There are 2 protein chains.
Amino acid sequence: MTPMVSGIALAEIAALIGDVARANILSALMDGRALTASELAWHGGVSASTASGHLAKLCEANLIALERQGRHRYYRLASAEVAQAIEALMTVVSFAPKRHRPVGPRDEALRRARTCYDHLAGRLGIAVTDALTSRGHVLLSESAGSLTGEGQRFLCTIGVEVEAERKGQRALCRTCLDWSERRPHLAGHLGSALCTRFFELGWTERIRDSRALAITTEGQKGLKEAFGIELP
Amino acid sequence: MTPMVSGIALAEIAALIGDVARANILSALMDGRALTASELAWHGGVSASTASGHLAKLCEANLIALERQGRHRYYRLASAEVAQAIEALMTVVSFAPKRHRPVGPRDEALRRARTCYDHLAGRLGIAVTDALTSRGHVLLSESAGSLTGEGQRFLCTIGVEVEAERKGQRALCRTCLDWSERRPHLAGHLGSALCTRFFELGWTERIRDSRALAITTEGQKGLKEAFGIELP
DNA sequence: GGAACGCTTCGGCCGGGGCCGAAGCGTTCC
DNA sequence: GGAACGCTTCGGCCCCGGCCGAAGCGTTCC
């Protein structure tokens, strides 16, 4: 018998992520937005021509997807599964011996609040999750959860409208392991809706060239009033 | 501002998995057992000296752990998180353009029944999950679930004893995305207990040098009687 | 004690793949 | 139409890292 053939395919995908430039590119796309080739070249720390090669490879393997728009080419992660795989790897990273742990202001900003694909993560994500569960708005059983009627009414008051029962399509309430806090935070449709609403309310703002989020003054106020959250 | 530093750590871990020999070694360890360096060299398709180098790297990054025993050295996956990350990558692999999809007898055996770290996967894993949920023994809400009282009594009849309430420690009932079936199957403590019990009952047997499982004649009978499962 | 065994370390070979700049192609702007 | 822009393709350089066999070290067996 010959060794597992499936290891070859596994190695191929992992090797694609296992290059510093490509890993940086994928990290930059982890917030779910689509970026242009030049922006990604910058994130990868390589020239435009080199980045172009990387993007072609990632596209061919269906890790990222391309959308043409005029003379720009926008790339985004191909699916939530890709984001999930990268997030899982990040978790393993945090178990690895601490060598490349900058813990500078950049890293601290990420740990405080960031987007994870399309939902909130970091201490902010955890705080919101905790607030909703401790009040009985969300029931977290193991690695997933459900929204209570009371929770649904509460969310309405801050302008988040979700039906508690959603047949088919995307899961309403999933959880995602937070690599910096090592605890689960809210993901799924609910996580996405909350994150979107926070932006609409002007509570959070993206920090330029980063997945990190800034919490605005209104955000501080709103989070305290609606959720009882005061983030140090 | 400089590009994300965390991409470096991500790339390092992914690159470790992104080598064919190492990916094969990790795949071989995915069933949760510990194997010797020579066995792993064979799985990786490389010489003992080369394998030794790979194992040292994987150890240093905390992807695998070492247990000395006499003149043997047993290696196993370092944690469930590592298994989870690899499984997530496997899922992405199944989305990738089909090039390395052998679909030979080996692959078919894996798709039929296999272990995934410490629980059942493949069509068998899905069938058991479906049987338990359709009878109301397990409630699967989104990506996790809970065991009902009735489910607990049923499991007792086949000799699986679990407390429905388990505070602290490992989650009783988690789910894990099956890369071959693309649907969630039972994982967590419950998944592990079921898998163990199937071995004890002699319903399943490991196929030599593989994560694939054989379903014995008693297994066919038991699965049909207890779960109503008939696997083609 | 000696032989067999399991595994690691070392030295040297070699190839794949990442990098860049120059050039080419398509789009947009005025 | 021409210039600026965004991106890709091509050619050539170079280095990282995987591979092996030989040798070394520790354990086990008799």
Side-chain angles (χ1 to χ4, degrees), chain A residues 2-3 7-29 33-61 63-76 99-100, chain B residues 2-3 7-29 33-61 63-76 99-100:
Chain A
T2 55
I8 298 179
L10 172 63
E12 240 168 51
I13 297 292
L16 235 29
I17 307 175
D19 169 87
V20 177
R22 285 192 297 256
N24 278 324
I25 287 173
L26 290 168
S27 292
L29 293 174
R33 287 184 298 176
L35 300 177
T36 65
S38 338
E39 286 171 317
L40 291 171
W42 181 86
H43 279 285
V46 293
S47 71
S49 60
T50 302
S52 180
H54 287 315
L55 293 170
K57 285 183 187 175
L58 291 172
C59 251
E60 198 192 5
L63 289 185
I64 62 176
L66 166 65
E67 282 163 30
R68 294 157 192 268
Q69 209 167 106
R71 58 180 166 182
H72 292 278
R73 298 202 166 191
Y74 283 90
Y75 292 92
R76 57 174 176 78
R99 287 194 297 155
H100 299 294
Chain B
T2 54
I8 298 178
L10 171 62
E12 240 167 53
I13 297 292
L16 235 30
I17 307 175
D19 169 88
V20 177
R22 285 192 297 256
N24 279 324
I25 287 174
L26 290 169
S27 292
L29 293 173
R33 285 183 299 178
L35 300 177
T36 65
S38 338
E39 287 171 317
L40 291 171
W42 182 87
H43 279 284
V46 292
S47 72
S49 60
T50 302
S52 180
H54 287 316
L55 293 170
K57 285 182 188 175
L58 292 172
C59 250
E60 196 192 5
L63 290 185
I64 62 176
L66 167 64
E67 282 162 30
R68 293 157 193 269
Q69 209 168 107
R71 59 181 164 180
H72 293 278
R73 298 201 166 192
Y74 283 89
Y75 292 92
R76 57 175 174 77
R99 286 194 297 155
H100 299 295

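Throughout, protein chains are lettered first and strands after them, A, B, ... in sequence-line order, and every chain is numbered starting at 1. Keep in mind the model is a prediction, meaning the values are calculated, not measured.
Residue A:Ser49 places its side chain closer to C:dG21 than to any other of D:dC20, C:dG21, C:dT8. The nucleotide whose nearest atom lies closest to any side-chain atom of B:Arg71 is, among C:dC19, D:dT27, D:dA22, D:dT27. For B:Thr50, taking side-chain heavy atoms from C-beta onward, the closest of the listed nucleotides C:dT9, D:dC19, D:dC5 is D:dC19.
Separating the CD atom of A:Gln69 from the C1' atom of D:dC5 is a distance of 16 Å, rounded to the nearest angstrom. What separates NE2 of A:His54 from P of C:dG16 is a distance of 18 Å, to the nearest Å. Remark: C1' of D:dG17 and CD of B:Glu12 are 14 Å apart, rounded to the nearest angstrom. For the pair B:Leu16 CG and D:dG17 C1', the interatomic distance rounds to 12 Å; values are reported in whole Å. Atom CG of A:Leu40 and atom C1' of D:dT8 are 15 Å apart (whole Å). D:dC16 atom C1' lies 12 Å from atom CG of A:Asp19, rounded to whole Å. For the pair A:Glu67 CD and C:dT27 C1', the computed distance is 18 Å after rounding to whole Å. B:Trp42 places its CH2 atom 18 Å from the C1' atom of C:dG6, with the value rounded to the nearest Å.
Note: A:Ile17 CD1 to B:Ile13 CD1 = 12.0 Å, rounded to the nearest 0.5 Å.
At the phosphate of C:dG18, OP1 or OP2 sits under 4.0 Å from a side-chain N or O atom of A:Lys57. For the OP1/OP2 pair of C:dG6 and a distance below 4.0 Å, the side-chain nitrogens and oxygens of B:Arg73 include no atom meeting the criterion. Residue A:Arg22 has a polar side-chain atom (N or O) positioned under 4.0 Å from OP1 or OP2 of C:dG18. Checking the phosphate oxygens (OP1, OP2) of C:dG6, no side-chain nitrogen or oxygen of B:Arg68 falls inside 4.0 Å. Distances shown here put every side-chain N or O of A:His72 at or beyond 4.0 Å from the OP1 or OP2 atom of D:dC5. For A:Tyr74 and D:dG6, the shortest distance from a side-chain N or O to OP1 or OP2 is not below 4.0 Å. Note on A:Tyr75: every side-chain N or O is 4.0 Å or more away from OP1 and OP2 of D:dG6.
Between B:Ala15 and B:Gly70, the residue whose closest nucleotide on DNA chain D is further toward the 5' end is B:Ala15. Comparing B:Ala37 and A:Ala48, the nucleotide of DNA chain C nearest to each residue sits closer to the 5' end for B:Ala37.
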* To do: Check step by step if side chain to side chain contact (heavy atoms under 4.5 Å, CB included) holds for B:Leu66 and B:Leu55.
  => CA-CA 9 Å; B:Leu66 167 64; B:Leu55 293 170; over 6 Å; no

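Closest approach of A:Leu29 and A:Arg33 over heavy atoms only: CD2-O, 3.8 Å. Closest of all the heavy-atom pairs between B:Ser27 and A:Leu10 is OG-CD2, 3.8 Å.
Under the Watson-Crick or G-U wobble criterion, with both distances below 3.5 Å, C:dG12 is paired with D:dC19. Across all strands shown, C:dT27 pairs with D:dA4; the Watson-Crick or G-U wobble distances both stay below 3.5 Å.
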Name every donor-acceptor pair, under 3.5 Å, that has one atom in a side chain of residues 47-54 of chain A and the other anywhere in the protein, sequence neighbours excluded.
residue	atom	partner	partner atom	Å
A:Ser47	OG	A:Ser49	OG	3.1
A:Ser47	OG	A:Thr50	N	3.3
A:Ser47	OG	A:Thr50	OG1	3.1
A:His54	ND1	A:Arg22	NH1	3.1

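Looking at B:Asn24 and B:Val46, their side chains never come closer than 4.5 Å, going by heavy atoms from C-beta outward.
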